Amino acid sequence: MTTEGRKISIEKNILQIKENIGNALKKSGREGDEVQLIAVTKTVDINRINEAIEAGITSIGENRTNEIEEKYNLIGSKVDFHMIGHLQTNKVKNIIGKTKLIHSLDRISLAKELDKRSKRNNIVTDVLLQVNVAEEESKFGLKVDEVLYFIEDILELTNIRVRGLMTIAPYTEDRSYLRNVFRSLYKLSEDIKTRNYEGLSMDYLSMGMSNDYEIAIEEGSNMVRVGSSIFGKRNY
Ligand SMILES: *Cc1c(COP(=O)(O)O)cnc(C)c1O
């Protein structure tokens, strides 16, 4: 495809997704609510990311720290970075201060490292707790019944701030199963809200990807992470 043709299709895809988001909100009686669209740019080169930015994207999601580092140096002033993938404790120092939000806090050792590095940099790092709602072996994340204990364990860490929850749903065409997964995470976030933990908020519910973002929105998501529906299939 020519540069111009590709550009038009990235823009067209983004417009289509925004329209679908609006329709999903309408369908679930949430008209007027905001859903943040995070363009997932893992493996996507800078030119194509810039085309997405020109088409109105303000947040991008990456799952590897080295890609965040590289891209931050090139476009860090233009766009917010979201770390959405598994984060190794020894890589925290490379991205601290570069992210708007880390979606994948899933263990105490990582919470402590994020807190320590944030303290050294005089910043507070915003994070989401990753929950493995479907308890898939292949995925990271806390189990639903571990989340409250986890929160109580990390409340003393004042240089990280929990802003909500994230989940990756199983890859399936079973729409009602997906709906149940998203509904469980929504319920959990509502339960946490009622507990009024100091310094913690449930502002964000990060759920929904190319395959399932409309269902996720119908079940309460306000942050979707969409890659292939914007940029096409990834080449690893
Ligand atoms: C890759 C990825 C996405 C985007 O997946 P698509 O199916 O391409 O939309 C979303 N969230 C996470 C955590 C990812 O790793």
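When a residue number appears, it is its place in the shown sequence, counting from 1. Bear in mind the structure is a predicted one, so any value in this text is a computation, not a measurement. Atoms within each ligand, like the ligands themselves, are counted from 1 in listed order.
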Taking the minimum heavy-atom distance to atom 11 (N) of ligand 1, which of Arg234, Arg225, His82, His86 ranks first? Arg225
Close side-chain approach of Asn180 and Val133, heavy atoms under 4.5 Å: no
What is the closest protein heavy atom to atom 14 (C) of ligand 1, and at what distance does it sit? Lys42 NZ, 3.0 Å
Testing His82, Arg225, Gln130 for side-chain hydrogen bond (donor to acceptor under 3.5 Å, both in side chains) with Ser206, which one passes? Arg225
At a 4.0 Å cut-off, with the gap strictly under it, does some heavy atom of Ile84 reach an atom of ligand 1? yes
Is it true that Glu173 and Arg175 have a side-chain N and a carboxylate O under 4.0 angstrom from each other? yes
Is the shortest side-chain N to carboxylate O distance from Lys187 to Asp191 below 4.0 Å? no
Taking only heavy atoms of Val226, which atoms of ligand 1 are found under 4.0 Å from at least one of them? 9 (O)
Are a donor atom and an acceptor atom from the side chains of Ser201 and Asp203 found within less than 3.5 Å of each other? yes
Considering only heavy atoms, does Asn211 approach ligand 1 within less than 4.0 Å through its side chain, its backbone, both, or neither? neither
Taking 4.0 angstrom as the limit, do Glu51 and Arg48 come out as a salt bridge? no
Starting from atom 9 (O) of ligand 1, what is the nearest protein heavy atom, named by residue and atom, and what distance separates them? Ser210 OG, 2.5 Å
Are any of the N/O atoms in Gly227 less than 3.5 Å from those in ligand 1? yes
Got the closest protein heavy atom to atom 5 (O) of ligand 1, with its distance? Met209 CE, 3.5 Å
Short N-O contact, Glu219 and Arg183, less than 4.0 angstrom: yes
Please verify whether a non-hydrogen atom of His103 lies at under 4.0 Å from ligand 1. no
Using a plain distance cutoff, I'd like to know if Ser228 has any nitrogen or oxygen under 3.5 Å from a nitrogen or oxygen of ligand 1. yes
